[in-house]
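Lettering follows sequence order; numbering is per chain, from 1.
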There are 2 protein chains.
Amino acid sequence: MAQAGTVDRILDTAEVLFAQKGFAETSLRAITSKAGVNLAAVNYHFGSKEALIQAVFERFLTPFSAALGAKLDEMEATGTPDTPENVLGIVFRLALGTHPEDPQRAAIFFRLSGQAYSQPQGHLRDYLHKHYGAVFKRLQEHLQRAVPSVPPMELFWRVQFSLGAVIFTLSGMQSLQAISKADFNLDVSAADITRRLLPFLVGGIQADVPE
Amino acid sequence: MAQAGTVDRILDTAEVLFAQKGFAETSLRAITSKAGVNLAAVNYHFGSKEALIQAVFERFLTPFSAALGAKLDEMEATGTPDTPENVLGIVFRLALGTHPEDPQRAAIFFRLSGQAYSQPQGHLRDYLHKHYGAVFKRLQEHLQRAVPSVPPMELFWRVQFSLGAVIFTLSGMQSLQAISKADFNLDVSAADITRRLLPFLVGGIQADVPE
DNA sequence: CTGTGTTCAAAACATACGTTTCAAACATAC
DNA sequence: GTATGTTTGAAACGTATGTTTTGAACACAG
């Protein structure tokens, strides 16, 4: 990030600020001044603030969903059994490991996802669903094979619940870490939390369906 | 809401708009014009927009946490066993039933909570934790008695995961309903979702803790 | 009535925002 | 070296926001 081009400096900075303070609360002036570029550069290179936001997500999600697709390919090729642990484990290791050189990057990833999902009118959510829905659906099919006794409709919602648990928790990690520290005098990392998440989600996903 | 006072008309309208579009995206002018009151009324009665937001939450959460406390009292008095189903069931029935005359109110409740939690800098989250942390802690103690084999620290995080699943899902219900309708051609209500949520959360909360 | 404190209404204020403009600087090809 | 297309810089534009001001309308006690 030291001497990257204007476009990348904008993306790097916007990514951090968006994750930190949200989309509406982050002004282009805040981004450009912190990035050391001119204010007009955003509209010149991206067209609008909205387009900047989408560009930030694209840079994040395109490699992620590609890697996820590759991992699913590998799983099918090697005949790895479709267990909830295996399927969810792939996602977590990927989310935590997309940028191993920068551990904070994972937190930014989740916070950004949370921002996108909780975005009120939800056009970003629709955008994500449209561009990355295919990989997501594939993931869900593997999960379905892992828990065949759970009806598809039920599984759909359980995946949503899981998404909520993951994104919500990771996206609010800062405050939660402070509370956890106050109540238990313990520090936790994103990796810690995901390690705790896995059994919780597996338990929820394969729970018995009432009558 | 027909001919209530200015203060209540502002609160009623702000509540709906905040839930619909978020805090930053809802202007005082939008609130006051829809409420049919003068723009200056907000600053006159509440002091600032920030104070308005807190007032909206207070009107919501004070009765809710009081009712929750009462239900927990009742549970202790009648000796109802501390099972995950019982404890979580209380919360859900309460959240869905605080205003039986207005079923949409429950959705607003969850959407507002989601907005508060995903609020970037999290001062609202801190505010909530400060004002309603006591009832929350009591709830957690009951849960702890329900699953004594889960260490407190682990349970703390599982409650956070559950919160995430609930708030995140309910707060994004609109979009999710559309997806669910497209993929399964089925309508779902908030009550439907919570019915599906309960076994998921119970399964997650009482899952085995790895080594 | 009269006076006093409260509430409302209309307008103005100050500020911050996204966006646009336009000229200068730069790079690259001819 | 000049010309051309691209990128940057500084400033301005138009708009929307939260807030403040000022005075009128009102309620009600003395």
Expressed as a whole number of angstroms, how long is the span from [X]:[atom1] to [N]:[atom2]?
X       : N      : atom1 : atom2 : value
A:Phe46 : C:dG18 : CZ    : P     : 15 Å
B:Ile31 : D:dA16 : CD1   : C1'   : 15 Å
B:Ile10 : C:dA9  : CD1   : P     : 10 Å
A:Arg9  : D:dG9  : CZ    : C1'   : 14 Å
B:Asn43 : D:dT19 : CG    : P     : 5 Å
A:Glu50 : C:dC17 : CD    : C1'   : 15 Å
B:Ile53 : D:dT17 : CD1   : C1'   : 14 Å
A:Lys49 : C:dC17 : NZ    : P     : 9 Å

How would you label the contact of A:Thr32 with the nucleic acid (heavy atoms, under 4.0 Å): base, sugar-phosphate, or nothing?
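No contact at all - A:Thr32 keeps every heavy atom at 4.0 Å or more from the nucleic acid.
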Is the shortest side-chain N/O distance from [X] to OP1 or OP2 of [N] below 4.0 Å?
X       : N      : result
A:His45 : D:dT8  : yes
B:Ser27 : D:dT17 : yes
A:Ser48 : C:dG18 : no

Treating A:Arg196 as the side-chain partner and B:Met153 as the backbone partner, does any N or O pair qualify as donor plus acceptor under 3.5 Å?
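Checked: no pair found.
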Any donor and acceptor pair, going by atom type alone, linking the side chain of A:Arg138 with main-chain N or O of A:Leu68 inside 3.5 Å?
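Checked: no pair found.
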Relative to the 5' end of DNA chain D, which residue comes earlier, A:Val7 or B:Gly47, by the nucleotide with the nearest heavy atom?
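Result of the comparison: A:Val7.
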Could you go through the salt bridge (Lys or Arg N to Asp or Glu O under 4.0 Å) check for A:Asp12 and A:Lys34 one step at a time?
CA-CA 10 Å; A:Asp12 288 335; A:Lys34 183 160 190 177; over 6 Å; no
About how many Å separate CG of B:Leu88 and OG1 of B:Thr194, when rounded to the nearest 0.5 Å?
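Here the interatomic distance stands at 11.5 Å.
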Choosing from [options], which nucleotide comes nearest the side chain of [X]?
X       : options                : answer
A:Tyr44 : C:dC17, D:dT7, D:dT17  : D:dT7
B:Arg29 : D:dG9, C:dT7, C:dA12   : C:dA12
B:Ala40 : D:dT17, D:dA12, D:dT21 : D:dT21
A:Leu39 : D:dA12, D:dG18, D:dA10 : D:dA12

Given B:Phe57 and B:Tyr127, is the ring pair (Phe, Tyr, Trp, His ring centres under 6.0 Å) satisfied, shown in steps?
CA-CA 10 Å; B:Phe57 273 94; B:Tyr127 171 85; 7.8 Å; no
Sort out the partner of C:dA29 for me: Watson-Crick or G-U wobble, both distances under 3.5 Å, none otherwise.
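In the structure as shown, C:dA29 has D:dT2 as its Watson-Crick or wobble partner.
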